[in-house]
Amino acid sequence: LQPYPDYYAHMGPINLAGPEPMPDAPTSHFTVDEIPDGVTIVDIRSQALYAAGHLPGSYGLELEDQMGVWAGWLIPFDAPIVLVATEFQDAGTAVVQLARIGFDRVIGIVTDLEGAEQRVTYRQASAEALRDELAAGEPQVLDVRSPGEWETGSIPGAVHRYVPDLRTGIPEGLDPERPVWVICGGGYRSQMAGIYLEAAGFEPIVVSSGGVDNVLSGSQA
């Protein structure tokens with residue numbers, strides 16, 4: 001059996017009790033300085049904006065169809081959540097996705113990171129860039145695909161850990177003194193690994209365009 005998200009364990013009791021009505025989009029807009037202590041920060045902006053500057057400890061979960069599912073994999077169940085979004089994004093869509101899996105405590109939104117004393121950045125790259133790097137040397141590669149995907153083929157020398165399993169630690173064999181190229185199947189999940197690598201003192205290079213198959217086959221992303 002494939003791994004399944006932690007939130008699955010909570011869905012049965014919620015459905016038996018009868019789920020609450022869908023919550024409204026958050027009406028509280030916080031500045032960075034007003035973000036309450038103890039909240040989980042979920043950044044739903046594009047991967048490019050997240051890479052260009054995000055709040056330390058924030059989860060990078062770009063607002064796409066599976067954002068809510070991956071939030072259920074990674075963040076503590078029933079955590080109070082503050083969203084980071086652009087002023088043009090529909091935060092209500094994110095709230096609905098989260099509520100559908102039982103995360104209904106979105107307490108506010110931040111649309112301006114001005115005033116943040118520290119913003120974390122990292123480099124984005126393509127599968128083609130990683131292929132060139134592999135041809136030129138021996139970069140550190142972290143493959144964050146699922147176990148089933150890993151078994152179908154992998155980049156020689158890559159270290160594997162499924163992205164949700166990074167919550168328990170960075171796998172052995174990675175040197176914190178060297179950058180780590182992070183790759184998945186298509187670019188969406190590789191971003192999610194950043195929070196764990198950054199917290200452990202690693203410098204991620206996130207492959208956000210293309211995936212392992214593009215590296216192995218030499219095809220364009």
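Throughout, numbering of the chain's residues begins at 1 and tracks the sequence. Keep in mind that the numbers below use all heavy atoms, side chains included, and drop hydrogens, waters and symmetry copies.
Considering Ser209, Ser208, Ser190 in turn, Ser208 is the only one that fulfils the side-chain hydrogen bond (donor to acceptor under 3.5 Å, both in side chains) rule with Gln124.
Considering all non-hydrogen atoms of both residues, Ala193 and Val144 come closest at CB-CG1, 4.1 Å. A pairwise comparison of heavy atoms in Pro156 and Leu216 identifies CD-CD2, 4.4 Å as the closest pair. What you find for Ser28 and Ile107 is that their closest heavy atoms are CB-O, 3.5 Å. The two atoms that bring Gly60 and Met192 nearest to each other are O-CG, 3.9 Å, heavy atoms only. Smallest separation of non-hydrogen atoms from Leu55 and Ala116: CD2-CB, 3.8 Å. Here the shortest heavy-atom pairing between Ile183 and Gly211 reads CD1-C, 3.5 Å.
When atom types are taken as modelled, the side chain of Arg100 and the backbone of Gln97 share no donor-acceptor pair closer than 3.5 angstrom. Between the side chain of Ser217 and the main chain of Asp213, a donor-acceptor pair closer than 3.5 Å is present. Remark: the backbone N or O of Trp181 is not paired with any side-chain donor or acceptor of Gln140 at under 3.5 angstrom. Between the side chain of Glu151 and the main chain of Gly148, no donor-acceptor pair closer than 3.5 Å is present. Tyr50 places no side-chain N or O within 3.5 Å of a backbone atom of Leu61 that could act as its donor or acceptor partner. Checked by atom type and distance alone, the side chain of Arg161 pairs as donor or acceptor with a backbone atom of Gly169 at under 3.5 Å. With hydrogens and angles ignored, the 3.5 Å screen pairs a side-chain donor or acceptor of Tyr188 with a backbone N or O of Glu62. At distances below 3.5 Å, at least one donor-acceptor pair connects side-chain atoms of Gln47 with backbone N or O atoms of Gly187. A donor-acceptor pair is defined here as one N or O able to donate and one able to accept, closer than 3.5 Å; such a pair exists between the side chain of Arg131 and the backbone of Asn214. The backbone N or O of Arg145 lies less than 3.5 Å from a partner atom in the side chain of His160, making a donor-acceptor pair.
Within the 4.5 Å cutoff, the side chain of Arg189 has heavy atoms near those of the Trp70 side chain. The closest side-chain heavy-atom distance from Val82 to Ile109 is not below 4.5 Å. Residues Val206 and Arg123 have side chains not in contact (no heavy-atom distance under 4.5 Å, counting atoms from C-beta outward). A heavy-atom distance below 4.5 Å is found between the side chains of Pro171 and Leu142. For the pair Val163/Val182, no side-chain contact is recorded, criterion being any heavy-atom separation below 4.5 Å from C-beta on. Residues Ile81 and Val39 have side chains not in contact (no heavy-atom distance under 4.5 Å, counting atoms from C-beta outward). The side-chain heavy atoms of Val159 and Asp143, taken from C-beta on, include no pair separated by under 4.5 Å. Within the 4.5 Å cutoff, the side chain of Val110 has heavy atoms near those of the Ile35 side chain.
Between Tyr59 and Trp73, the ring center distance fails the sub-6.0 Å criterion.
To the nearest 0.5 Å, atom CG of residue Asp112 and atom CZ of residue Phe30 are 14.5 Å apart. Residue Thr40 holds its OG1 atom at 9.5 Å from CZ of Arg105, rounded to the nearest 0.5 Å. Considering CZ of Arg119 and CG of Leu113, their distance stands at 5.5 Å, rounded to 0.5 Å. Here OH of Tyr162 is found 7.0 Å from CD of Glu149. Values are rounded to the nearest 0.5 Å. Taken from OG1 in Thr93 to CG in Leu63, the straight-line distance is 6.0 Å, to the nearest 0.5 Å. From Gln191, atom CD reaches atom SG of Cys184 across 10.0 Å, with rounding to the nearest 0.5 Å.
Asp175 CG: more than 12 foreign heavy atoms inside a 6.0 Å radius.
No side-chain donor from either of His29 and Glu87 sits under 3.5 Å from a side-chain acceptor of the other.
If you chain together hydrophobic residues whose side chains sit under 4.5 Å apart, Val141 and Phe202 never meet in one group. No continuous path of hydrophobic side-chain contacts links Val84 to Ile44 [ILVMFWY only; heavy atoms under 4.5 Å]. Put simply, Leu98 and Ile195 are part of the same group of oily side chains (I, L, V, M, F, W, Y) that touch within less than 4.5 Å, one to the next. In the hydrophobic clustering of this structure, Leu197 does not group with Val120; members are Ile, Leu, Val, Met, Phe, Trp, Tyr whose side-chain heavy atoms approach within less than 4.5 Å, directly or through other members.
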